[in-house]
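See structure below.
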Amino acid sequence: MKRLVLAGGGHAHLHVLKTLAGQRWPEVEVTLVTPYARQIYSGMVPGWMAGHYRLDQCAAALGPLAAAAGVRCLIDSVTGIDAERRTLRTASHGEIAYDVLSLDVGARVDSSMLADSGASLLAIRPLEEFVVGWQRFVDAASARGAARLAVVGGGAAGVELALAARYRLAGEVGAAAAEVILVTGSGLLPGHGPAIVGMAGKTLARHGVAVVAGYAAGSREGLQLDDGSSLAADGIIAATGVRPAEWLAGSGLALAADGFIAVGDGQQSVSHPGVFAAGDVASRIDAPHAKSGVYAVRAGPVLSANLQRALADRPILPYQPQRRSLYLLATGPQEAIMSWGGVAAGGAWAWRWKDWIDRRFMRQYKDLASA
Ligand SMILES: Cc1cc2nc3c(=O)[nH]c(=O)nc-3n(C[C@H](O)[C@H](O)[C@H](O)COP(=O)(O)OP(=O)(O)OC[C@H]3O[C@@H](n4cnc5c(N)ncnc54)[C@H](O)[C@@H]3O)c2cc1C
């Protein structure tokens, strides 16, 4: 019997569980290690913040999914890997030995520069903590009748979170009392084309989100910007860059320059053939790409095939990530901006499209878990 350990219940591992639920792999004992009993789908979080979804609509229950897949589910966190000894360390289940290990544990948010803020800090990772913090912030704003929120980070997540927050807070305390500021660092949507950047800028202005360029650090009143000015805030959402978990550094696995696991064209570690990684925790050294959910989802099928091949000592399959990806950014009300290949457009139709894609994605795991 060979031992496969799935660390993390991220997007690619949802696909592995679905594959196993369809057909078990003979002579393989599979264990899933996940700190939470559910996987919250980030793509629907702005819609949940805005009030368009209930949280249970945005989450896949990992226990029932693992049960359908014949996988042992441990509610625990990986705290270390010894790649030479082929063991994982966990917070409360000790060491776990593996023959093949697959990592889909995502990334952390680097919010260290905001740590000294007097305002309550809401980091978007882990999402389980973010959803609790956001609900608390909304409740406090409603009780006060006013909100001053700063969102730090001008990437796609920062834009969506600022727009969702403004829409929700305006509904709770009135538009005049709902102040939302987006602090963008080097600028809005870095790495994206001018069409979507322009449309996002106009949309933020139309919905009453103030945009400030500059780098922010935490201060007693809220934020201090690099031009010396201050921003008062009751709450700060940190949608700043991602960083790897600290324990990867001592794992013995080869890491890419960004500190994430260096993988090759089969999502296989370049240093340890028995280790695979997908999603934000992996960096493809042959074909670098952005860390986004689209790539994590697309890596699922090849990861699944290659785990099965590695367990059977068969050659692994190469996989070429897509060069361009479709972006659908929720903008607060039931509207969205779509961007593809340098073209951007937006409206209620784009929201309906996004909503259909997201619900379809979630449905496949909900149906399996309830079967
Ligand atoms: C608000 C928001 C909106 C976004 N919208 C989009 C979008 O529309 N489209 C898009 O492409 N991308 C989007 N992204 C980016 C996207 O969320 C990430 O790129 C994506 O989640 C990465 O998937 P993943 O499977 O690598 O990790 P995750 O989805 O983060 O999953 C990681 C899993 O590992 C678990 N885990 C973490 N640490 C450990 C540990 N130590 N041990 C065991 N398990 C662990 C976590 O609990 C989680 O279940 C958005 C991000 C945010 C924050």
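Note that the numbering runs from 1 along the sequence shown for the chain. Whatever order the structure lists ligands and atoms in, that order sets their numbers, starting from 1. Computed over heavy atoms, backbone and side chain alike; hydrogens, waters and symmetry mates excluded.
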Could you find the nearest protein heavy atom to [atom] and give me its residue, atom name and distance?
| atom | value |
| --- | --- |
| atom 26 (O) of ligand 1 | Asp280 N, 2.7 Å |
| atom 53 (C) of ligand 1 | Ile124 CD1, 3.3 Å |
| atom 24 (P) of ligand 1 | Asp104 OD1, 3.4 Å |
| atom 44 (N) of ligand 1 | Pro35 CD, 3.0 Å |
| atom 9 (N) of ligand 1 | Val294 CG2, 4.5 Å |
| atom 27 (O) of ligand 1 | Gly106 CA, 3.3 Å |
| atom 3 (C) of ligand 1 | Ser42 O, 3.4 Å |
| atom 23 (O) of ligand 1 | His11 ND1, 3.0 Å |

Below 4.0 Å, non-hydrogen atoms only: which portion of [X] touches ligand 1? Side chain, backbone, both or neither.
| X | result |
| --- | --- |
| Tyr295 | neither |
| Leu161 | side chain |
| Tyr327 | neither |
| Gln39 | side chain |
| Val105 | both |
| Ala296 | side chain |

Review point. Do the charged groups of Arg72 and Glu29 touch, with an N to O distance under 4.0 Å?
Key: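 Not counted as a salt bridge, because no side-chain N and carboxylate O are separated by less than 4.0 Å.
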Close N or O approach ([X], ligand 1; < 3.5 Å):
| X | result |
| --- | --- |
| Asp76 | no |
| Arg108 | no |
| Thr34 | no |
| Val45 | no |
| Arg125 | yes |
| Val78 | yes |
| Gly293 | yes |
| Ser77 | no |

Point to revise | For the student: nearest non-hydrogen atoms of Gly332 and Ala50, plus distance | key: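 For Gly332 and Ala50, the tightest heavy-atom pair comes out as O-CB, 3.6 Å.
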Check your understanding: Closest heavy-atom contact between Asn306 and Gly266?
Key ->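 Distance-wise, the nearest heavy atoms are ND2-O, 3.1 Å.
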Which of the atoms of ligand 1 are close to [X], meaning less than 4.0 Å from one of its heavy atoms?
| X | answer |
| --- | --- |
| Tyr36 | 47 (O) |
| Val33 | 43 (C), 44 (N) |
| Gly8 | 34 (O), 35 (C), 43 (C), 44 (N) |
| Gly279 | 26 (O) |
| Glu160 | 3 (C), 5 (N) |
| Lys291 | 19 (O) |
| Trp247 | 41 (N) |

Check your understanding: With no hydrogens and no angle check, do the side chains of Thr240 and Asp110 hold a donor and an acceptor under 3.5 Å apart?
Key -> no
**Study point:** side-chain hydrogen bond (donor to acceptor under 3.5 Å, both in side chains) partners for Ser269, two or more places apart
**Key:** Ser271
Check your understanding: How would you list all residue pairs meeting side-chain hydrogen bond (donor to acceptor under 3.5 Å, both in side chains) that involve residues 279-290, not counting sequence neighbours?
Key -> Asp258-Ser283, Gln267-Arg284, Ser283-Lys291, Arg284-Asp286
